[in-house]
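Report on the following structure.
Heavy atoms only: backbone and side chains are in, while hydrogens, waters and symmetry mates are out.
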Amino acid sequence: MRVHANRDSALVLAAQASKAVPRITTIPELKGIHMEADARLAMLTMTATNQEVSIRASMPAAVEESGSAVIPADLLPDILKRLPGDQVSFSTVGPGIIHIGSGYAEYRLNILDAAKYPLPEVPFLEDTIPVSGICSLARQTLFAAAAGDQQNILKTVRLKVGPYGLKATSSNGFCIAEAAGDKNCVAASETCILVPARSLSILAAISLDSDVYQMGLTREGLAFWNGTTMFCTHLIDGSYPDTDGLLDRIQGAYSASIEAAELYAAVDAVTSLASADKDSSGRGEIMFGEHEMVVSAETSDGRASVPVKALILSPSPYPFYYDFKQLMRYLKQLRGRITLEFDQNGLLAIRPGETRYLQSPMRAPKQAAGGKAA
């Protein structure tokens, strides 16, 4: 292999691919980035995988001799960042050795056999559909997915494609977030797939909202391909909760119209008190006033309250309690005026624009047990 390329562009490729390198693995090849130079296409391609996600990124390059190698992922990005020249060359100079040079600097690194590296499957173009807006879709749903190390169907984001376009839904069992995606990403019949939330997060990290991918299923999972970058993820089998039914059926008994930014600021102001108390679990209170909603948090250290002007459409006679940290993750995305809807038990629904959000109430604190709690 002998190839010459722009150093900055090669660094971008290495940085993208390295996001798929596993932190811990017993397979030596997976600790590296697979590099391939193709003289016919005049392209340099870097690929990495952790066997859950794969990232393949390509760029134009001057290829004198085709070839491939697996270069240590913990070294390649750092070397490319430190090289002094605008151009970089990669040349295999013997069995298991690659030469990397730029300007006055050069490196000789041990490499692994590229033939043993598990490369991702490229989908057939006719089996794909175009999709964009990945970053927005991820931002509007990932915050509500379950976290932790245990395998859980709620650690996924459900993607639905149909005649209406693309929709994404996530839930951690306490809240549900739904967002409409690219309306041009259509299919004749509805298809639902479960994508690991971690995978969608990585895809968003290497993408722009303006990026248009061809999305399609492969034997290994789901692939996103735009001609120079391909992202593949395995899918999760299982039955997702009926979040659509919950979002559709909720009946608001109480409601108020309020500025999203003002509500976020109020919740943020009192959350520091709730967060400092280990027994509060981040619990905060929302109470209806005559022309306002009062956001509060109370712990053994004291009480914080912030009134927020609101148009009270149908007041509740008693307060409701919520995990304010969770609520803030959604509110920080919103702009303009929103309507808060509460059912008889305090289930909170917010449905602005192309998103829908549902959050379960928490139990009232002990000191408030004398009143009617959620």
Task: Rounded distance (nearest 0.5 Å) linking atom CG of L331 with atom CG of D268 - done: 10.5 Å

- [ ] Before giving the answer on side chain to side chain contact (heavy atoms under 4.5 Å, CB included), spell out for R303 and E285 the whole-Å C-alpha distance, their side-chain angles and the decisive distance to 0.1 Å.
- [x] CA-CA 11 Å; R303 181 178 176 86; E285 175 189 285; 3.0 Å; yes

Task: Flag for E220-H234: side-chain donor and acceptor within less than 3.5 Å - done: no

Task: Rounded distance (nearest 0.5 Å) linking atom CG of N226 with atom CZ of F231 - done: 13.0 Å

- [ ] Please report the closest heavy-atom contact between P120 and T47, naming both atoms and the distance.
- [x] CD-CG2, 3.7 Å

- [ ] Look at the side-chain heavy atoms of Ile, Leu, Val, Met, Phe, Trp and Tyr, link any pair under 4.5 Å apart, and say whether V294 and F288 land in one connected group.
- [x] no

TODO: Check whether any side-chain N or O of D78 sits under 3.5 Å from a backbone N or O of L75 as a donor-acceptor pair, and report yes or no.
DONE: no

TODO: Test L348 against E341 for side chain to side chain contact (heavy atoms under 4.5 Å, CB included), laying out the working first.
DONE: CA-CA 6 Å; L348 169 62; E341 301 175 75; 5.9 Å; no

- [ ] Look only at the side chain of S199 and the backbone of T233, and say whether a donor-acceptor pair between them is shorter than 3.5 Å.
- [x] no

Open item on the list: Run C185 and M215 through side chain to side chain contact (heavy atoms under 4.5 Å, CB included) and show every step you take.
Closed with: CA-CA 9 Å; C185 180; M215 179 176 70; 3.8 Å; yes

- [ ] Kindly assign one of parallel, tilted or perpendicular to the pair F320 and F342, based on the angle between their ring planes and the thresholds 30° and 60°.
- [x] parallel

TODO: May I have the step-by-step check of salt bridge (charged side-chain N to carboxylate O under 4.0 Å, His left out) for D74 and R23, ending in yes or no?
DONE: CA-CA 10 Å; D74 57 346; R23 295 181 180 178; over 6 Å; no

Open item on the list: Is the shortest side-chain heavy-atom distance between T339 and I258 below 4.5 Å?
Closed with: no

TODO: Give a yes or no on whether D86 atom CG has more than 12 heavy-atom contacts from other residues, nucleotides or ligands under 6.0 Å away.
DONE: no

Task: Shortest non-hydrogen contact between G181 and L137, atoms and distance - done: CA-CD1, 3.7 Å

Task: K31 side, atom NZ; L112 side, atom CG - distance, nearest 0.5 Å - done: 9.5 Å

TODO: May I have the step-by-step check of side chain to side chain contact (heavy atoms under 4.5 Å, CB included) for Y240 and C192, ending in yes or no?
DONE: CA-CA 10 Å; Y240 203 76; C192 297; over 6 Å; no

Open item on the list: Given 3.5 Å as the limit, does a donor-acceptor pair link the side chain of N172 with the main chain of A145, or not?
Closed with: no

Task: Over 12 foreign heavy atoms within 6.0 Å of CZ, R337 - done: yes

Open item on the list: Can you confirm whether Y322 sits close enough to P361 that some side-chain heavy atom of one is under 4.5 Å from a side-chain heavy atom of the other?
Closed with: yes

- [ ] Answer yes or no: does atom CD of E126 have more than 12 heavy-atom neighbours from other residues, nucleotides or ligands under 6.0 Å?
- [x] yes

Open item on the list: Quick one: does any side-chain atom of S102 pair with a main-chain N or O of G85 as donor and acceptor, under 3.5 Å?
Closed with: yes

Task: Separation of T243 OG1 from R356 CZ (nearest 0.5 Å) - done: 8.5 Å

- [ ] Could you tell me whether the side chain of L327 reaches within less than 4.5 Å of the side chain of Y264, counting heavy atoms only?
- [x] no

- [ ] Kindly indicate whether the side chain of L246, heavy atoms from C-beta on, has any atom under 4.5 Å from the side chain of S171.
- [x] no

- [ ] Might you point out which heavy atoms bring S170 and V157 nearest each other, and give the distance in Å?
- [x] CB-CG2, 4.3 Å

TODO: Compare every heavy atom of V3 with every heavy atom of V63, then report the nearest pair and how far apart it is.
DONE: CG2-CG2, 3.7 Å

Open item on the list: So for atom CZ, which belongs to R7, do other residues, nucleotides or ligands contribute more than 12 heavy atoms lying within a distance under 6.0 Å?
Closed with: yes

TODO: Check A37 against M1 and note the closest heavy-atom contact, atom names and distance.
DONE: CB-CG, 3.7 Å

Task: Residues D244, K160: salt bridge by 4.0 Å N-O rule - done: yes

Task: Pairwise side-chain contact, L347 with I250, heavy-atom cut-off 4.5 Å (strictly under) - done: yes

Open item on the list: A side-chain contact here means heavy atoms from C-beta on lying under 4.5 Å apart; do Q51 and I27 qualify?
Closed with: yes

Open item on the list: Tell me whether the count of non-hydrogen atoms from other residues, nucleotides or ligands lying under 6.0 Å of CG in D248 goes above 12.
Closed with: yes

Open item on the list: Membership question, hydrophobic clusters at under 4.5 Å side-chain separation (ILVMFWY): are M328 and L263 in the same one?
Closed with: yes

Task: Donor-acceptor contact present, side-chain S68 to main-chain M35, <3.5 Å - done: no

Open item on the list: Return the CZ to CH2 distance between R56 and W225, rounded to the nearest 0.5 Å.
Closed with: 4.5 Å

Task: Charged N-O contact under 4.0 Å between K309 and E292 - done: no

- [ ] Using atom types as modelled and distance alone, determine if a side-chain donor or acceptor of T156 lies under 3.5 Å from a backbone N or O of R158.
- [x] no

Task: Same apolar cluster (I L V M F W Y, side chains within < 4.5 Å links), M230/L222 - done: no

Task: Single-linkage hydrophobic cluster V88~Y107, side-chain heavy atoms < 4.5 angstrom - done: yes

Task: N/O donor-acceptor pair under 3.5 Å between E121 side chain and R219 backbone - done: yes

Open item on the list: Using the rule that Ile, Leu, Val, Met, Phe, Trp and Tyr join whenever any side-chain heavy atoms are under 4.5 Å apart, tell me whether L194 and I176 fall into a single cluster.
Closed with: no

- [ ] For the pair E354 and K167, find out whether any cationic side-chain nitrogen is under 4.0 Å from an anionic carboxylate oxygen.
- [x] no

Open item on the list: Return the CG to OG1 distance between D127 and T218, rounded to the nearest 0.5 Å.
Closed with: 10.5 Å

Open item on the list: So does P22 get a backbone contact from the side chain of T25, meaning a donor-acceptor N/O pair under 3.5 Å?
Closed with: no

TODO: Output yes when a side-chain donor or acceptor of S9 lies under 3.5 Å from a complementary backbone atom of N6, and no otherwise.
DONE: no

Task: E178 and T141, any side-chain heavy atoms less than 4.5 Å apart - done: no

Open item on the list: Given the ring of Y330, does K332 sit roughly above its face, with NZ or CZ under 6.0 Å from the centre of the six-membered ring and within 45° of the axis?
Closed with: no

Task: Q359 and Y357: side chain donor to acceptor below 3.5 Å - done: yes

Open item on the list: Regarding H4 and E64, do their side chains bring together a donor and an acceptor under 3.5 Å, going by distance alone?
Closed with: yes

Task: Contact check, side chains of R2 and S89, non-hydrogen atoms, under 4.5 Å - done: no

Open item on the list: For I97 versus I111, what's the shortest heavy-atom pair and its separation?
Closed with: N-CG1, 3.7 Å

TODO: Would you check if the side chain of E29 reaches a backbone N or O of V70 as a donor-acceptor pair within less than 3.5 Å?
DONE: no

Open item on the list: Testing D182, L203, T128 one by one against Y213 for a side chain to side chain contact (heavy atoms under 4.5 Å, CB included), which residue passes?
Closed with: L203

